[in-house]
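To keep things clear, I will list the structure first and then write my remarks on it.
Every chain is numbered from 1, with letters handed out A, B, ... down the list of sequences. Please read all numbers here as calculations on a predicted model, not as lab measurements. Values below: all heavy atoms of this structure, side chains included; hydrogens, waters and symmetry mates excluded.
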Protein chains: 2
Amino acid sequence: MEDKEYQELKNRFDEIAIYSSTSALLGWDQETNIPKKALNYRAEQCAFLGAKAHSLFIDSEVEGWIGACEENKQIDDPFKLANIREWRWSYNRGRDISPEFVAESEKVRSLAMPAWAEARAKDDFKIFQSHLEKIVEINQRKTECYGFEEHPYDALIEGFERGATTKSIGDLFDGLKSPLKEIGELAKNKSAGVSSQLIQGDYSVESQMLFNEAIAKSFGFDFEAGRIDTAVHPFCSGIAPGDTRMTTRYDTSDFMSSLYGVLHETGHGLYEQGLPIDHFSCPVGKAVSLGIHESQSRLWENHVGRNPSFWERWYPKAIEIFPSMKNLGVDQIIEYCLRSEPSHIRVEADEATYDLHIILRFEIERDLIAGDLKVADLPEAWNAKFKEFFGITVNNFAEGCLQDIHWSMGAIGYFPTYTIGNLAAAQLFHKAKEEYPEIGSCFLDVDYKNLLEWLRNNVHSKGSLLLPEDLIKEVTGESLTTKYHLDHLRERYG
Amino acid sequence: MEDKEYQELKNRFDEIAIYSSTSALLGWDQETNIPKKALNYRAEQCAFLGAKAHSLFIDSEVEGWIGACEENKQIDDPFKLANIREWRWSYNRGRDISPEFVAESEKVRSLAMPAWAEARAKDDFKIFQSHLEKIVEINQRKTECYGFEEHPYDALIEGFERGATTKSIGDLFDGLKSPLKEIGELAKNKSAGVSSQLIQGDYSVESQMLFNEAIAKSFGFDFEAGRIDTAVHPFCSGIAPGDTRMTTRYDTSDFMSSLYGVLHETGHGLYEQGLPIDHFSCPVGKAVSLGIHESQSRLWENHVGRNPSFWERWYPKAIEIFPSMKNLGVDQIIEYCLRSEPSHIRVEADEATYDLHIILRFEIERDLIAGDLKVADLPEAWNAKFKEFFGITVNNFAEGCLQDIHWSMGAIGYFPTYTIGNLAAAQLFHKAKEEYPEIGSCFLDVDYKNLLEWLRNNVHSKGSLLLPEDLIKEVTGESLTTKYHLDHLRERYG
């Protein structure tokens with residue numbers, strides 16, 4: 001048989017996928033359902049299954065199979081070749097990570113998360129400081145195991161965004177800073193007359209569910225292969241073939257918060273549901289990167305969901321489901337959805353100011369990993385940068401450097417993917433409009449259908465066939481650029 | 001170290017417990033949440049994890065460790081000795097079951113379940129017949145692997161009820177048949193004036209949840225270590241330490257159906273929450289048998305929940321939550337909860353007629369496994385026996401031999417545990433009343449507390465320390481007997 005070793009790898013990854021999909025369900029359950037007293041054992045389950053998957057992968061047999069595949073010139077299927085490319089990359093990256101190190105990292109993480117929550121609640125950075133020091137140190141050790149060429153932070157970024165480097169991201173972000181500040185000013189002035197209380201009312205959770213699900217369904221989310229649940233932290237998880245689960249949270253005085261959360265997660269969900277299912281267990285069957293994943297959520301959330309035509313389409317349904325909205329006109333709702341002003345909390349930031357939050361975190365992470373910034377000096381550095389970027393003062397840790405969960409989870413190098421997602425969303429959407437011009441200004445259900453089909457063909461169905469940068473180039477004809485995102489923001493806010 | 005091999009076994013069972021608790025969560029999720037298109041992959045996950053746990057157990061190293069423990073006279077802790085006893089029993093029982101046979105059984109099961117559902121929906125036994133033939137045949141092969149002394153059905157029963165045999169159960173059941181028929185007649189006459197439509201109304205799911213949870217909580221169910229969800233088939237699953245989940249289903253025209261479901265599952269849940277948590281991964285930390293498990297659910301459902309004093313305690317709360325009930329007096333509600341008449345569906349049967357449904361299934365299963373009854377002749381045998389037991393005619397397969405899910409799941413030998421549960425419930429409750437006489441007729445919250453404490457001390461905290469029959473004898477001073485159950489039914493319906 002020409003590809004015996006390939007089959008061995010495939011079988012091994014079928015087995016690993018059982019562990020990882022099971023872990024994904026445990027993770028989803030932990031955020032949506034788990035009783036408080038089950039948390040400790042759940043941590044043990046996750047650590048065990050994670051270590052099991054890792055040791056099945058770093059097994060020396062695996063390296064032999066990968067080597068044989070690389071030398072086997074009879075393998076010419078592009079999906080198989082992409083798997084071999086990704087297996088090699090992951091193997092080289094992971095082989096020096098020992099099961100003991102995995103266990104140590106898990107332990108640090110599991111202690112850091114409650115410490116972060118406590119520090120945030122008590123507004124006392126000291127409670128979290130020593131944990132964050134360990135997390136930075138563990139990540140620095142990881143960069144040595146993974147290896148890097150120029151900057152140690154490269155090794156971490158690449159785990160979330162294959163092919164990206166500190167320099168490539170730094171260059172993009174440097175080109176964004178001053179235009180974003182300028183757009184932010186314009187957006188703030190434009191929003192001056194719009195009250196942030198405009199849509200405050202009494203919206204039952206059931207009505208919100210009804211509205212959110214109707215829209216997710218019309219975007220193309222398949223509820224026979226997925227669901228929406230309630231969780232403190234909204235997320236979307238592609239658990240298994242036919243099983244994509246998103247979450248949202250409800251504010252009964254403001255239905256927009258859960259609505260835009262669902263539009264965002266639906267973008268992630270549509271990507272997961274469109275991945276090549278036959279390759280589920282292998283790298284090529286997975287999303288190509290977190291940045292491209294985020295591009296899908298941003299596209300549906302902002303380019304579709306904040307497009308004025310979205311509200312022209314959904315206004316009648318909205319006032320049917322939420323009768324108290326009847327005193328608001330569609331123009332007011334559109335203005336409300338586009339209002340902008342500098343604010344402290346990233347996850348609540350508007351489209352015009354969001355990326356500055358990310359650039360700030362990128363610069364801080366980069367300096368922490370390089371050793372140029374000490375954890376002890378983080379609050380001061382954060383607050384100074386915040387004043388510089390947004391012109392406003394940080395009043396406490398919860399609205400400052402303790403606001404995000406990522407670092408307590410051990411994730412450093414993740415944040416940049418949010419802005420990469422914004423850039424890619426604008427670039428992809430611009431391209432899609434060339435093929436279907438009407439989707440730019442008119443969101444009938446048929447437009448959703450056309451847009452989804454375009455994304456399915458150009459992005460989703462490819463999985464990890466290409467590296468992220470090559471995917472963007474192949475689909476749009478250009479490397480990832482800030483141009484379309486800035487054009488989009490200028491058009492909306494300028 | 002005096003018990004090195006014991007520690008090896010303990011470590012092995014800690015690992016097996018990760019697999020089995022994870023499988024339990026997958027199973028719960030399958031009944032409560034799973035999207036339709038995820039079912040196929042879920043079956044693969046469950047089969048893989050099940051086979052993994054089984055192969056970790058039948059490993060020859062395990063037998064060596066068990067043998068060494070059996071010879072190690074320094075081990076004298078009763079919990080450890082019980083583990084060694086159970087490990088030996090399970091090992092001898094399971095060692096001839098090959099992973100291939102496990103896989104084959106899983107396949108037969110997974111094909112049989114949808115065939116059963118289709119056969120039931122289309123009222124066509126033929127659709128299910130060949131599947132059931134395979135299931136009977138697989139179970140017959142299992143009896144050979146497990147081994148038995150007198151009757152092949154013994155080998156199957158024992159998997160659900162350690163120590164029980166076809167003869168011991170047959171003797172008990174033979175002693176029940178005619179008294180039950182007699183009590184059934186009395187109960188039917190007593191209920192003649194009570195309309196089965198009495199409490200029909202409009203009860204929102206939210207109100208029902210509120211009422212059910214208030215009662216489960218007052219019985220002692222710990223919601224920080226468990227939850228109640230919605231599922232088509234009500235069940236309770238002790239998933240992991242601190243994680244006991246029950247389910248119910250709601251009928252908005254009749255709150256009693258979900259209420260008594262929840263009371264029943266709360267009994268199971270209290271048992272799970274009271275098991276010796278430190279021994280979670282080992283046999284002694286598990287429920288001793290399905291019969292004893294069922295005794296806990298029947299005790300809370302029938303001896304507490306159908307006791308007239310239950311409604312005296314909860315009537316004010318009920319009319320507060322369900323205002324439409326105000327036109328019913330407490331006496332009417334009590335009469336309604338005790339009404340009885342012969343009916344076709346086991347899961348909807350009342351307390352007075354329930355056991356005859358079980359005895360019927362026991363006799364049929366016994367004959368199928370012995371080869372005395374052919375699957376092709378099952379419908380005729382069922383219908384004839386039904387007429388004999390209940391005096392009513394079976395009109396279709398859904399109200400006849402296709403009503404239960406158990407056989408399609410491959411479970412034969414399970415049914416008798418329902419009646420064992422009824423007998424044990426009455427016997428245990430009788431004994432508890434000797435210690436706390438007031439619980440017999442007055443269910444204040446303090447009585448629930450005393451009853452739970454008595455069950456915790458005498459049943460729950462012992463896990464599988466004793467075999468079921470020895471547990472009953474130690475706690476009540478007698479072997480399992482039909483006496484207390486019949487006394488209870490006579491008192492209630494005579």
Side-chain angles (χ1 to χ4, degrees), chain A residues 11 14-30 32-52 56 204-206 221-230 237-247 269 272-273 277 280-281, chain B residues 11 14-30 32-52 56 204-206 221-230 237-247 269 272-273 277 280-281:
Chain A
N11 295 342
D14 284 346
E15 192 173 343
I16 291 173
I18 301 258
Y19 287 102
S20 51
S21 63
T22 302
S23 294
L25 188 79
L26 296 179
W28 170 85
D29 182 76
Q30 186 164 331
T32 53
N33 291 315
I34 203 170
K36 192 176 154 188
K37 292 183 181 169
L39 283 165
N40 283 344
Y41 192 75
R42 179 60 50 87
E44 280 186 49
Q45 288 176 310
C46 290
F48 178 88
L49 296 173
K52 203 84 196 170
L56 280 168
S204 76
V205 170
E206 291 69 32
F221 188 81
D222 178 357
F223 281 94
E224 289 199 347
R227 42 186 290 134
I228 306 180
D229 292 274
T230 307
S237 177
I239 290 176
D243 199 355
T244 296
R245 305 191 187 190
M246 43 175 155
T247 65
E272 287 292 324
Q273 291 188 334
I277 203 168
F280 164 73
S281 64
Chain B
N11 295 342
D14 284 346
E15 193 173 342
I16 291 172
I18 301 258
Y19 288 102
S20 51
S21 63
T22 302
S23 294
L25 188 79
L26 295 179
W28 170 85
D29 182 77
Q30 187 165 331
T32 53
N33 290 313
I34 203 169
K36 191 175 155 189
K37 292 183 182 169
L39 283 166
N40 284 344
Y41 192 76
R42 179 58 52 86
E44 282 186 47
Q45 288 176 311
C46 291
F48 177 88
L49 296 174
K52 202 84 197 170
L56 280 169
S204 76
V205 170
E206 292 68 32
F221 187 80
D222 178 358
F223 280 94
E224 290 199 348
R227 43 185 293 134
I228 306 179
D229 292 275
T230 307
S237 176
I239 291 176
D243 199 355
T244 296
R245 305 191 187 191
M246 44 176 155
T247 66
E272 287 292 325
Q273 291 189 334
I277 203 168
F280 164 72
S281 65

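Ring centroids of A:F48 and B:Y19 are separated by less than 6.0 Å, placing the two rings close together.
For B:T32, the side-chain contact (heavy atoms from CB on, under 4.5 Å) partners at least two apart in sequence or on another chain are B:W28, B:D229, B:A231, B:T247. When the side-chain contact (heavy atoms from CB on, under 4.5 Å) test is applied to B:L39, the partners found at least two apart in sequence or on another chain are B:Q30, B:I34.
Contact count versus chain A (heavy atoms, under 4.5 Å) is highest, among B:I18, B:D243, B:D14, for B:I18. Contact count versus chain B (heavy atoms, under 4.5 Å) is highest, among A:E44, A:E15, A:K37, for A:K37.
For A:D222, the part lying near chain B is the side chain, with the backbone staying farther off; criterion is any non-hydrogen pair under 4.5 Å.
Contact annotation: the side chain of B:E272 never approaches that of B:S237 to less than 4.5 Å [non-hydrogen atoms, C-beta and beyond].
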